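Below, chain A is the first sequence line, B the second, and so on; all start at residue 1. The shown structure was predicted, so the numbers you read here are calculated from the model rather than taken from an experiment.
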2 protein chains.
Amino acid sequence: MSRTPSLTLALTDISGRAETCEPGGAAAALDRTEAEKFASRLRVIADPTRLRLISLVSAQANREACVCDLTEPLGLTQGTVSHHLKILVEAGIFTREQRGTWAYFGLVPGALPALGAEVQAL
Amino acid sequence: MSRTPSLTLALTDISGRAETCEPGGAAAALDRTEAEKFASRLRVIADPTRLRLISLVSAQANREACVCDLTEPLGLTQGTVSHHLKILVEAGIFTREQRGTWAYFGLVPGALPALGAEVQAL
DNA sequence: ACTATACATTGATGCTCATCAATATGAAAT
DNA sequence: ATTTCATATTGATGAGCATCAATGTATAGT
């Protein structure tokens, strides 16, 4: 990161793609590393348990939930749920806030819409 | 499918979700089978090789390509490329048209935008 | 200090799947 | 018919990963 940060890169930099803009929305073909990065981000939500976690938190009243709220409706071990939550947090999809003994997880605003937009831009 | 097909299910039936429409876009939590189906569709594009196939075909002049055009830029075996193309066709993302000895693959219009919209609707 | 609760981590296990080499299918040309 | 080219399929192999049981860590309450 040797360049001075710009204030105008927000919308065009979401995908991490080059700034070329062919008509019709088609950019140049993805190289190996670009494809691997995008695929690994998609793999985060390409899992039934994590999809259910996302929809469970969304359906929650406060838009947040702790592990103990999530382990029972999923029918999975507490350790497994904790594992998936960690993946979602590291992917920037979930936030994690510790309050006393509890850890509350919530959706990062705009994360999933951004991912969906990248799929549509393919 | 015992019901008479309706002409008005188009937009609401894309996701295969129930027709409940809570304010804020949050639907009820996905059950196990719904989540598995959605995840398996996402797994199709959560692969670097298939992402590159999609972008390669998109970048093609005629928006279509045969296997021999794709196997070299990917640096993979012909059998492997054929394998991924089959998965993309079965997922409804690619079309396949046989012309003589060649098989031409192209994008199904609207397939990826629909998938991206479902991600955004999470 | 001790106990109980909430969450994280570790190690092991089994399944899914991407990839290759090899072979099969099928169509076109000579 | 035979050869050649394009694609599909099969079987094997190895890597990634979801899951569990067990254990570790930290916080709150008694």
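Separating the CG atom of A/Leu85 from the P atom of C/dA6 is a distance of 15 Å, rounded to the nearest angstrom. Rounded to whole angstrom, the span from the CZ atom of A/Phe94 across to the P atom of C/dA8 amounts to 13 Å. Remark: C1' of C/dA18 and CZ of A/Arg32 are 14 Å apart, rounded to the nearest angstrom. In this structure, A/Leu88 atom CG and D/dA18 atom P are separated by 11 Å, rounded to whole Å. C/dT16 atom P lies 11 Å from atom CD of B/Glu36, rounded to whole Å. In this structure, B/Arg50 atom CZ and C/dT16 atom P are separated by 15 Å, rounded to whole Å. As rounded to whole Å, 16 Å separates atom P of D/dT27 from atom OH of A/Tyr104. Taking atom CD1 of A/Ile87 as the reference point, atom C1' of D/dT19 lies 12 Å away to the nearest angstrom.
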Problem - Test side-chain contact (heavy atoms from CB on, under 4.5 Å) applied to B/Val44 and B/Leu115, step by step - result: CA-CA 11 Å; B/Val44 172; B/Leu115 234 187; over 6 Å; no
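Contact of the B/Asp47 side chain with the B/Arg43 side chain is not registered, since no non-hydrogen atoms from C-beta on lie closer than 4.5 Å.
For the residue pair A/Ala46 and B/Ala46, the shortest heavy atom distance occurs at CB-CB, 4.0 Å. Counting all heavy atoms, side chain and backbone alike, B/Ile54 lies closest to B/Phe94 at CA-CZ, 3.8 Å.
Atom CD of residue A/Glu36 and atom CD of residue A/Glu34 lie 11.5 Å apart, to the nearest 0.5 angstrom.
Nearest-nucleotide positions on DNA chain C place A/Gln98 closer to the 5' end than the other of A/Gln98 and B/Arg43. The 5' end of DNA chain D is approached more closely, in terms of each residue's nearest nucleotide, by B/Cys66 than by the other of B/Cys66 and A/Gly100.
Comparing C/dA6, C/dT9, D/dA18 by their nearest atom to the side chain of A/Ser82 picks out C/dT9. Side chain of B/Trp102, nearest nucleotide from C/dC7, D/dT7, D/dA28: D/dT7. Closest to the side chain of B/Thr49, out of C/dC7, D/dA18, C/dT19, is C/dT19.
No engagement by B/Arg99 is indicated, since no non-hydrogen atom pair under 4.0 Å with the nucleic acid exists. Among the atoms of the strands shown, base atoms are found under 4.0 Å from some heavy atom of A/His83.
For B/Glu72, the CD atom counts as loosely surrounded, since its 6.0 Å shell holds 12 or fewer non-hydrogen atoms of other residues, nucleotides or ligands. Within a 6.0 Å radius of CZ in B/Arg32, no more than 12 heavy atoms belonging to other residues, nucleotides or ligands are found.
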Every protein N/O within reach of nucleotides 20-24 of chain C N/O, cut-off under 3.5 Å:
residue	atom	partner	partner atom	Å
C/dC20	OP2	B/Thr77	N	3.1
C/dC20	OP2	B/Thr77	OG1	3.0
C/dC20	OP2	B/Thr80	OG1	3.0
C/dC20	O5'	B/Thr77	OG1	3.1

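Between B/Lys86 and D/dT7, a side-chain N or O to OP1/OP2 separation shorter than 4.0 Å is absent.
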